[in-house]
Amino acid sequence: MWIIEDDPYGDLRYDGDRQPWTASYEEAADRTVLLGSFSKVMAPGLRLGWLRAPAALRRACAVAKQAADLHTPTLNQLAAARYLDVLDAHVTRVRAAYRERRDAMLAALPGALPEGSVWNRPEGGMFVWVRLPSAYDTTALLPEVVRHDVAYVPGAPFYAGTPDRSTLRLCFVTQTPEEIEEGLRRLARGLGVA
Ligand SMILES: Cc1ncc(COP(=O)(O)O)c(C=O)c1O
């Protein structure tokens with residue numbers, strides 16, 4: 001059995017301790033394939049990630065990837081390799097900015113959502129997850145919300161089993177705190193709260 005550990009967000013941590021990779025446990029090291037991405041911490045447009053796998057599996061992974069996409073552009077790889085020198089400093093700056101944006105979203109959410117809504121307080125990553133009262137169907141509501149020039153991702157497609165259709169995902173990393181506040185005012189109007 002192989003374990004696929006997909007961790008594009010681990011570097012984006014704002015509180016608490018970083019969780020150790022499953023691959024870092026001796027018992028799992030020889031059966032875990034760890035996947036990382038530069039999309040969230042360097043530049044999404046590079047389309048570049050990385051894979052750490054037991055040696056026996058690496059050749060098969062390379063062949064499978066070549067069959068799927070021929071090759072990741074060498075120029076992109078060289079640019080990323082060059083940027084690795086300053087990546088840690090960049091991630092430290094990004095983390096501080098994202099923490100501030102997360103906090104701006106968490107502070108403004110109570111005024112933007114219908115009574116009875118609940119949400120998490122993420123210690124890392126890019127998203128806040130919300131559950132509206134059960135009468136709300138976030139997939140059905142999205143077109144009306146978009147008319148107010150704001151959007152969310154409905155939660156239903158994220159479920160492997162029966163979805164909770166009142167859930168939605170909000171991204172807090174792209175906009176400034178002021179834009180987040182404006183976005184949530186629009187969301188409130190779209191949801192009929194304001
Ligand atoms: C959980 C998870 N894994 C992997 C990826 C892939 O990232 P990319 O294709 O941008 O490297 C994403 C992107 O959103 C993600 O959310």
Side-chain angles (χ1 to χ4, degrees), residues 1-25 28-29 31-54 57-58 60-95 97-99 101-102 105-106 119-131 138-139 142 146 150-161 163-165 167-175 179-180 183:
M1 184 182 75
W2 293 103
I3 301 167
I4 308 293
E5 184 173 17
D6 183 26
D7 182 31
Y9 301 107
D11 281 329
L12 299 177
R13 192 164 187 96
Y14 318 118
D15 304 313
D17 297 327
R18 190 179 174 145
Q19 301 297 310
W21 280 316
T22 303
S24 70
Y25 292 100
R31 64 191 61 241
T32 305
V33 179
L34 174 60
L35 309 178
S37 172
F38 293 121
S39 286
K40 320 297 177 196
V41 291
M42 198 184 278
L46 280 174
R47 308 310 314 151
L48 201 60
W50 51 265
L51 172 155
R52 177 188 179 279
L57 208 63
R58 281 203 292 269
C61 290
V63 170
K65 185 173 185 307
Q66 281 164 6
D69 70 359
L70 297 182
H71 189 59
T72 299
T74 308
L75 190 62
N76 294 11
Q77 296 191 56
L78 286 171
R82 184 75 180 267
Y83 198 73
L84 283 178
D85 288 345
V86 294
L87 184 61
D88 286 351
H90 173 70
V91 171
T92 301
R93 278 198 304 277
V94 163
R95 235 187 258 127
Y98 289 1
R99 182 185 294 112
R101 293 171 185 199
R102 175 202 62 174
M105 179 167 279
L106 291 173
W119 57 91
N120 70 333
R121 183 181 189 284
E123 293 188 345
M126 298 182 157
F127 311 107
V128 172
W129 279 96
V130 174
R131 175 176 284 119
T138 58
T139 306
L142 186 59
V146 166
V150 70
Y152 55 73
V153 179
F158 291 87
Y159 284 78
D164 181 339
R165 308 193 67 83
T167 53
L168 61 94
R169 192 183 82 169
L170 294 172
C171 175
F172 58 80
V173 297
T174 311
Q175 272 74 31
E179 289 167 335
I180 288 170

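When a ligand or atom number is given, it counts from 1 through the structure's own listing order.
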Minimum-distance protein heavy atom relative to atom 10 (O) of ligand 1: S39 OG, 2.6 Å
Close-contact set for ligand 1 against S37 heavy atoms, below 4.0 Å: 7 (O), 8 (P), 10 (O), 11 (O)
W129/Y152 aromatic ring centres below 6.0 Å: no
Protein non-hydrogen atom below 4.0 angstrom of atom 6 (C) of ligand 1 present: no
W50, F127, Y9: member with heavy atom nearest to atom 16 (O) of ligand 1: Y9
Closest protein heavy atom to atom 13 (C) of ligand 1, given as residue, atom name and distance to 0.1 Å: K40 NZ, 2.8 Å
Close approach of F38 to ligand 1, heavy atoms, under 4.0 angstrom: no
Over all atoms of both residues, closest heavy-atom pair of L87 and V41: CD1-O, 3.6 Å
Numbered atoms of ligand 1 (with element) below 4.0 Å of P8, judged on heavy atoms: 1 (C), 2 (C), 3 (N), 4 (C), 15 (C)
Residues D15, R102: salt bridge by 4.0 Å N-O rule: yes
Closest heavy-atom pair and its distance - L12, R95: CA-CG, 4.4 Å
Heavy-atom pair with the smallest gap, counting every atom of F127 and F172: N-CE2, 3.3 Å
Numbered atoms of ligand 1 (with element) below 4.0 Å of D6, judged on heavy atoms: 1 (C), 2 (C), 3 (N), 4 (C)
Closest protein heavy atom (residue, atom, distance) for atom 9 (O) of ligand 1: R47 NH2, 2.9 Å
Under 3.5 Å donor-acceptor, R13 side chain and D17 backbone: yes
Lys/Arg N to Asp/Glu carboxylate O, D11 vs R18, below 4.0 Å: yes
